[in-house]
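Convention: sequence-line order gives letters A, B, ...; per-chain numbering from 1.
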Amino acid sequence: MQSWRRKALWLALLASWLLVLLRVFPLLRLAVPARPWAGAPQGWPRWLDAELLQSFSQAGELPEDDPQPPQVPRGGGHCDWGACFNVSKCRGGGLKVFVSPVAGPISDTQRGILASIESSSYHSVSPDEACLLLLLLGPEAPAGECSPVPQQWNGGKNQLVLSLHPALCPQTFPPGQAMVAKASPAVDTFRPGFDVALPLLPEAHPLRGGAPGQLRQHSPHPGVPLLALAEERGGWRVAGADSPACPWDGRCEQNRGPEQTPLGATLPNATFCVIPGHRPEALHFLQALQAGCIPVLLSPRWELPFSEVIDWTKAAIVADKRLPFQVLAALQEMPPTRVLALRQQTQFLWDAYFSSVEKVIHTTLEIIQDRIFGASAHPSLLWNSPPGALLALPTFSTSPSDFPFYHLQRGSRPVGRFSALIWVGAPGQPPLKLIQAVAGSQHCAQILVLWSSEKPLPPRWPKTTVPLTVLAGQRKVSDRFFPHRAISTDAILSLDAHSSLTTSEVDFAFAVWQSFPERMVGFLTWSHFWDEAQGGWGYTAERTNEFSMVLTSAAFYHRYYHTLFTHSLPKFLRTLADEAPTCVDVLMNFLVAAVTKLPPIKVPYGKQHPEARPPLAPGASEQQPPAQDCINQMAEEFGYMPLVSSRLRLDPVLFKDPVSVLRKKYRSLEKP
Amino acid sequence: MCASVKYNIRGPALIPRMKTKHRIYYITLFSIVLLGLIATGMFQFWPHSIESSSDWNVEKRSVRDVPVVRLPADSPIPERGDLSCRMHTCFDVYRCGFNPKNKIKVYIYSLKKYVDDFGVPVSNTISREYNELLMAISDSDYYTDDINRACLFVPSIDVLNQNTLRIKETAQALAQLSRWDRGTNHLLFNMLPGGPPDYNTALDVPRDRALLAGGGFSTWTYRQGYDVSIPVYSPLSAEVDLPEKGPGPRRYFLLSSQMAVHPEYREDLEAIQAKHGESVLVLDKCTNLSEGVLSVRKRCREHQVYDYPQVLQEATFCVVLRGARLGQAVLSDVLRAGCVPVVIADSYILPFSEVLDWKRASVVVPEEKMSDVYSILQSIPQRQIEEMQRQARWFWEAYFQSIKAIALATLQIINDRIYPYAALSYEEWNDPPTVKWGSVSNPLFLPLIPPQSQGFTAIVLTYDRVESLFRVITEVSKVPSLSKLLVVWNNQNKNPPEDSLWPKIRVPLKVVRTAENKLSNRFFPYDEIETEAVLAIDDDIIMLTSDELQFGYEVWREFPDRLVGYPGRLHLWDHEMSKWKYESEWTNEVSMVLTGAAFYHKYFNYLYTYKMPGDIKNWVDAHMNCEDIAMNFLVANVTGKAVIKVTPRKKFKCPECTAIDGLSLDQTHMVERSECINKFASVFGTMPLKVVEHRADPVLYKDDFPEKLKSFPNIGSL
């Protein structure tokens with residue numbers, strides 16, 4: 001009995017041992033490093049004699065290479081920039097373009113392009129001084145006159161053959177050494193770094209200005225469909241995010257949902273726009289871009305527009321059409337941060353380079369000019385972030401930190417001083433009080449007086465703590481926005497001789513400008529409005545609840561805008577401003593608003609009484625500035641109304657608060 | 001007694017009073033079982049350790065012992081390279097379909113020695129560099145030893161230098177690889193292509209569809225988007241120790257250090273030197289070196305001897321001239337010295353040009369323009385030169401320094417093509433670490449003023465103050481641009497009031513119940529938020545007027561990437577304590593706004609919930625404080641911009657509430673808030689908050705102007 005019990009005890013003990021051991025073994029097995037297992041990667045062996053191996057290049061070979069005589073440029077089908085373009089013709093002044101006369105009738109678009117080039121800084125009147133000859137090919141050419149080899153062809157050297165729309169007739173003369181700029185060129189024939197890939201524009205693309213991007217909010221609206229698929233004839237089909245059963249290779253045409261949009265429907269409303277890779281679909285690409293729908297290109301056989309300078313990975317996704325499910329999964333799982341960035345980039349690119357024919361042409365020429373400039377071309381950052389390369393001139397600087405737009409990306413700050421630029425017009429009175437007030441600011445680096453009066457220069461100037469320089473002006477109003485060499489700081493305080501400011505006002509405005517270096521910060525404001533009665537734009541100096549312009553008779557802005565004003569505005573506009581002096585304020589505000597797409601900033605101005613208000617400009621009446629018309633002419637020349645209204649004013653933190661004046665830093669701003 | 005003695009003598013308590021016979025029986029049984037178990041254990045472990053040890057023996061082999069493969073003279077030769085190959089035509093992407101984490105899998109063929117019919121080797125088995133390269137791949141995340149799972153195949157046949165191999169036989173060796181299949185998805189590395197006399201710019205070995213990572217491609221041979229242009233590795237990178245030299249003006253403006261320069265080019269260079277004197281140095285090989293001096297490491301000018309590559313550090317610009325081959329190892333030395341390369345080699349595809357922006361680190365001059373080099377370089381401003389010097393050095397460190405760097409950059413480029421949605425960005429490839437640290441990429445960079453019609457969603461966080469909550473709801477609903485009201489009910493012990501009790505308002509009202517009483521619930525990106533603008537508002541903020549809130553929304557529209565709030569606060573550096581201090585006094589500056597009532601973009605809710613650095617989110621929930629400071633830090637850090645304080649409003653609570661007993665409470669509050677700032681600053685690793693001196697008021701605020709004509713006449717004070 002006892003032994004039976006003992007036996008049972010022992011058996012139980014053994015059984016538990018067994019159990020424990022069996023449990024422990026697998027654990028032990030896991031604890032053993034994976035290396036001894038047959039299935040684990042063995043990797044490349046560590047050779048015993050690895051140290052003794054010979055180098056791939058014998059001592060004599062590197063860098064001792066057989067010298068080779070200079071190469072003869074190879075022509076023909078193989079052309080690259082170095083071999084087929086003669087840069088020496090472009091020395092000095094950058095790119096000069098001569099437009100070769102076109103045989104036969106020219107279309108409206110072509111006429112528009114010609115006009116746009118003529119008013120630009122690239123234009124040259126004679127083929128001899130030009131370094132690039134431009135040949136415009138139109139789609140409308142009748143079949144017989146398809147491709148006359150133009151005069152001055154010269155094998156195509158330094159020629160650019162530009163065709164915005166795919167030609168009806170196949171090109172019969174070989175491009176040879178000419179660069180070809182055409183819409184969505186096939187990858188196989190495209191010569192990278194030499195040809196230019198253009199976007200495939202719809203027939204009715206606006207010549208200038210152009211439709212703005214459709215994006216109204218940064219992030220996708222909740223509930224917006226994930227995908228829109230490009231359809232055969234210009235439409236879009238919305239695909240549900242949850243039904244990936246039907247990928248885009250056309251295998252399930254029959255079960256199209258009722259969501260199909262009508263043919264020719266304008267713009268897709270989805271987060272991603274899937275575009276198949278064959279050529280005609282290139283038109284969808286621009287539609288998606290404008291709509292802020294992130295293009296997903298499936299193995300495109302055509303070169304993306306302006307791929308030489310535009311980093312498309314920031315705005316589009318080029319995916320392999322052979323992996324539909326994987327791509328779909330990647331799109332579904334894309335983090336919101338990336339979606340947000342891609343969406344915004346589509347809009348920026350659309351607005352900067354694609355929204356009008358003029359922009360497309362100018363971008364093309366700018367790319368060629370960049371090749372000529374070499375080291376002093378646009379850095380990539382300037383092409384790929386707002387406001388875009390057409391508005392950031394490399395002739396100003398190639399260092400992004402010198403511009404007002406890239407301080408965040410570069411981790412830099414604008415220089416902490418400003419230059420006061422005082423324009424002295426007709427009356428010719430030296431603004432002594434103003435000079436003293438401005439020189440009193442600790443941030444003032446220099447005072448420049450631009451003497452544009454007929455009166456002789458006064459012999460004596462007040463003694464100031466900062467250097468004072470007098471520049472002889474040209475008596476043109478636009479001269480005040482000339483990039484004078486003497487301006488040494490990022491910030492300019494633009495002043496009229498009549499302006500009256502206190503040191504405190506200057507200090508505060510400058511502190512505000514440092515937070516917004518890309519905008520204009522001013523004291524006196526105007527606002528624009530749409531005048532139904534007149535059917536045009538108008539503007540007023542009356543005090544209203546909003547404003548869209550600040551007067552340059554007292555405003556801080558970045559010195560880069562002088563360069564932009566002088567070198568990028570069409571000459572016509574500058575002449576207009578010279579003829580009607582108040583227009584110059586409007587024009588400067590147009591320019592800055594077109595670049596920033598933001599309103600200017602207003603800061604408080606002590607002198608509120610109308611009688612103490614400085615005259616706006618010579619001859620201007622108080623309530624109604626004259627030359628209402630110039631705002632309409634400018635809007636027409638820009639192609640749209642760039643001005644943006646603001647409803648706020650930036651005041652010092654304790655402005656007019658009922659606390660002790662001693663606490664306030666800018667207390668004199670509040671004096672009545 | 002007896003029993004106890006027995007017990008004491010006969011051992012353990014587990015086998016008390018047992019007969020010897022039985023004991024032996026049990027012990028035997030026990031040992032058998034134990035032995036059996038041990039045997040099982042051995043069986044489980046033993047075979048593998050045997051295998052692994054034999055494996056180790058195999059790995060410690062000599063290169064000379066690798067298996068020999070005899071190639072019959074008539075074995076197949078691949079087609080010549082197909083110039084029209086692109087990723088979507090010649091690359092079999094299906095092989096890469098099932099790889100997790102968007103990483104390609106690379107297989108390396110094992111090393112063989114190839115001989116022809118007569119037993120003559122086809123090439124050197126493997127060079128030091130190629131061995132290093134394969135080792136780097138095998139040590140990387142890309143490697144797989146499972147040939148069936150691989151997406152990319154790297155032959156172990158060394159073709160780095162075309163001159164050391166027999167072209168036809170090497171091609172035959174490639175063709176007999178087990179997965180060759182016309183070279184699909186095979187990657188060859190070659191640094192010295194071509195041979196005398198005409199020096200082709202790509203490897204002459206017929207390779208069909210195989211991808212080529214080649215040094216010295218020209219535009220004629222490079223298949224854009226298919227091949228990868230790689231640098232020619234400079235052995236000096238490993239041999240010589242060259243400490244980094246910062247950018248700045250150097251002794252020579254322009255230096256030419258290459259030895260094998262064609263006489264015509266040398267003439268041009270000499271002419272430049274004659275014209276510009278001291279600032280140009282043209283070096284040549286040394287003719288009169290004593291025995292034993294490594295000629296590779298010396299350069300001469302007349303009788304002056306210079307150390308190479310050290311002399312490169314004395315120059316601002318260094319000429320990299322085409323030799324017989326376009327790719328020159330000197331490029332690597334030049335970059336390393338922080339000298340800006342002046343590349344004079346027409347049609348040369350610079351290394352990794354698919355991803356690297358060479359404009360930032362080099363100057364490319366057409367061969368025709370050689371005589372103008374000096375004036376071209378002089379037109380570059382000093383600041384740009386210094387940036388280029390920094391960039392050049394960074395390129396070397398990141399992509400030229402070692403064979404490993406070259407191999408991994410090549411694989412990354414191919415990886416980026418196959419998984420474009422996971423590709424590295426331009427900035428990740430090109431920006432040196434210092435720039436990456438200092439720069440901010442604003443997530444809302446597009447200058448876009450959202451339409452007023454969109455309106456905003458008000459989010460009220462509440463616990464149980466129903467009465468005050470209802471007042472807030474009623475007040476906020478008067479704001480014209482309100483489009484939805486969301487109440488976050490943070491009390492799990494109590495149900496929200498019944499539907500009928502809620503105030504009737506003109507916009508949809510939605511109650512969200514939370515699972516836990518956490519402060520971070522207020523910043524959760526609820527699906528119910530349909531507008532971009534969010535107004536976070538506490539359930540006791542009843543003093544803000546409708547005009548004030550509407551104006552706040554208008555201000556947010558002009559600054560959609562910022563926090564727009566009412567009372568402002570400031571952080572200050574306490575010099576005595578050497579730490580940050582929270583300040584709510586009457587200051588002329590602000591760096592934070594309270595989120596008791598603040599407008600911001602809903603994207604920041606996503607960031608707060610999912611991307612908050614470190615443990616800040618949990619820390620805030622645990623301390624039940626400072627969620628607003630955390631939000632201020634987050635937004636300032638990601639946008640690099642300051643907050644916007646709106647209107648004079650100074651505090652939310654009524655002024656008379658701060659009685660004397662509240663003073664001490666106030667002080668502990670300040671201490672806690674200061675602690676938060678210090679804690680967050682240490683987690684962020686920096687102080688992201690920006691200090692400004694302005695606030696936003698309506699255009700005509702306190703102007704001498706009829707009140708009834710103002711858009712926002714009813715702006716409260718303090």
Side chain, backbone, both or neither of B:Q224 within contact of chain A (heavy atoms, under 4.5 Å):
side chain
For atom CZ of B:R64, is the number of surrounding heavy atoms from other residues, nucleotides or ligands below 6.0 Å larger than 12?
no
Greatest number of non-hydrogen atom pairs under 4.5 angstrom with chain A, of B:L444, B:N430, B:I376, B:V435, falls to B:L444
Just give me the residue among B:I126, B:I529, B:I108 that pairs up with chain A most often, heavy atom to heavy atom, under 4.5 Å.
B:I126
Contact winner vs chain A - B:N442, B:T587, B:V364, B:V692, heavy-atom pairs under 4.5 Å:
B:T587
Please check: side-chain N/O of A:E670 versus main-chain N/O of A:K656, any donor-acceptor pairing under 3.5 Å?
yes
Mind telling me whether A:W47 and A:W44 have parallel, tilted or perpendicular rings, with 30° and 60° as the class edges?
perpendicular
Identify which part of A:T346 has an atom lying under 4.5 Å from any heavy atom of chain B, answering side chain, backbone, both or neither.
neither
A:V659 versus chain B, the contacting section by heavy-atom distance below 4.5 Å
side chain
Quick one: list whatever passes side chain to side chain donor-acceptor pair (under 3.5 Å) with B:D357, sequence neighbours left out.
B:Y426
Answer key: most heavy-atom pairs under 4.5 Å with chain A among B:L377, B:V63, B:V363, B:L160 is B:V63
Between B:R322 and the options B:H262, B:E367, B:Q328, B:Q258, the side-chain hydrogen bond (donor to acceptor under 3.5 Å, both in side chains) test singles out B:E367
Is any side-chain N of the basic residue among B:E387 and A:R410 closer than 4.0 Å to the acidic one's carboxylate O?
yes
Under 4.5 Å to a heavy atom of chain A? For B:Y701 that would be both
Segment of A:N384 engaging chain B (4.5 angstrom heavy-atom cut-off):
neither
Heavy-atom pairs under 4.5 Å with chain B: which of A:S399, A:P336, A:A377, A:P387 has the most?
A:P336
Using a 3.5 Å distance criterion without hydrogens, assess whether the side chain of B:K710 forms a donor-acceptor pair with backbone atoms of B:D703.
yes
Between B:Q454, B:R266, B:R360, who has the most heavy-atom pairs with chain A when the cutoff is under 4.5 Å?
B:Q454
From CD (A:E546) to OG (A:S527), nearest 0.5 Å:
6.5 Å
Pair count under 4.5 Å, heavy atoms only, with chain B: among A:E51, A:Q217, A:Q409, A:K665, highest is A:Q217
Side chain, backbone, both or neither: which part of A:R343 has a heavy atom under 4.5 Å from chain B?
neither
Choice from B:P560, B:P450, B:A696 maximising heavy atom contacts with chain A below 4.5 Å:
B:A696
Measure distances from A:V603 to the heavy atoms of chain B and classify the residue's part below 4.5 Å as side chain, backbone, both or neither.
neither
Find the one option among A:R216, A:H218, A:K597 whose heavy-atom pairs under 4.5 Å with chain B are most numerous.
A:H218
How about CG on B:D527, more than 12 heavy atoms from neighbouring residues, nucleotides or ligands closer than 6.0 Å, or not?
no
Residue part contacting chain B, namely of A:D370, when any heavy atom lies under 4.5 Å:
side chain
Scored by heavy-atom pairs under 4.5 Å with chain B, the best of A:D188, A:N86, A:V512, A:I601 is A:V512
Top contributor to chain B contacts, counting heavy-atom pairs under 4.5 Å, from A:S219, A:A50, A:S401
A:S219
Salt-bridged, B:K645 to B:D697, with N to O below 4.0 Å?
no
List the residues meeting side chain to side chain donor-acceptor pair (under 3.5 Å) with A:T313, not counting sequence neighbours, and say none if there are none.
A:D311
Tell me, side chain or backbone of A:F508 under 4.5 Å from chain B's heavy atoms, or both, or neither?
side chain
Would you call A:R338-A:E333 a salt bridge at under 4.0 Å N-O?
no
Go through the atoms of B:L134 and report whether side chain, backbone, both or neither lie under 4.5 Å from a heavy atom of chain A.
both
Side chains of B:F712 and A:R647 in contact at under 4.5 Å (non-hydrogen atoms)
yes
Against chain B, work out which of A:S385, A:S88, A:G374, A:S660 has the most heavy-atom pairs shorter than 4.5 Å and name it.
A:S88
Can you tell which part of A:Q514 gets under 4.5 Å to a heavy atom of chain B, answering side chain, backbone, both or neither?
neither
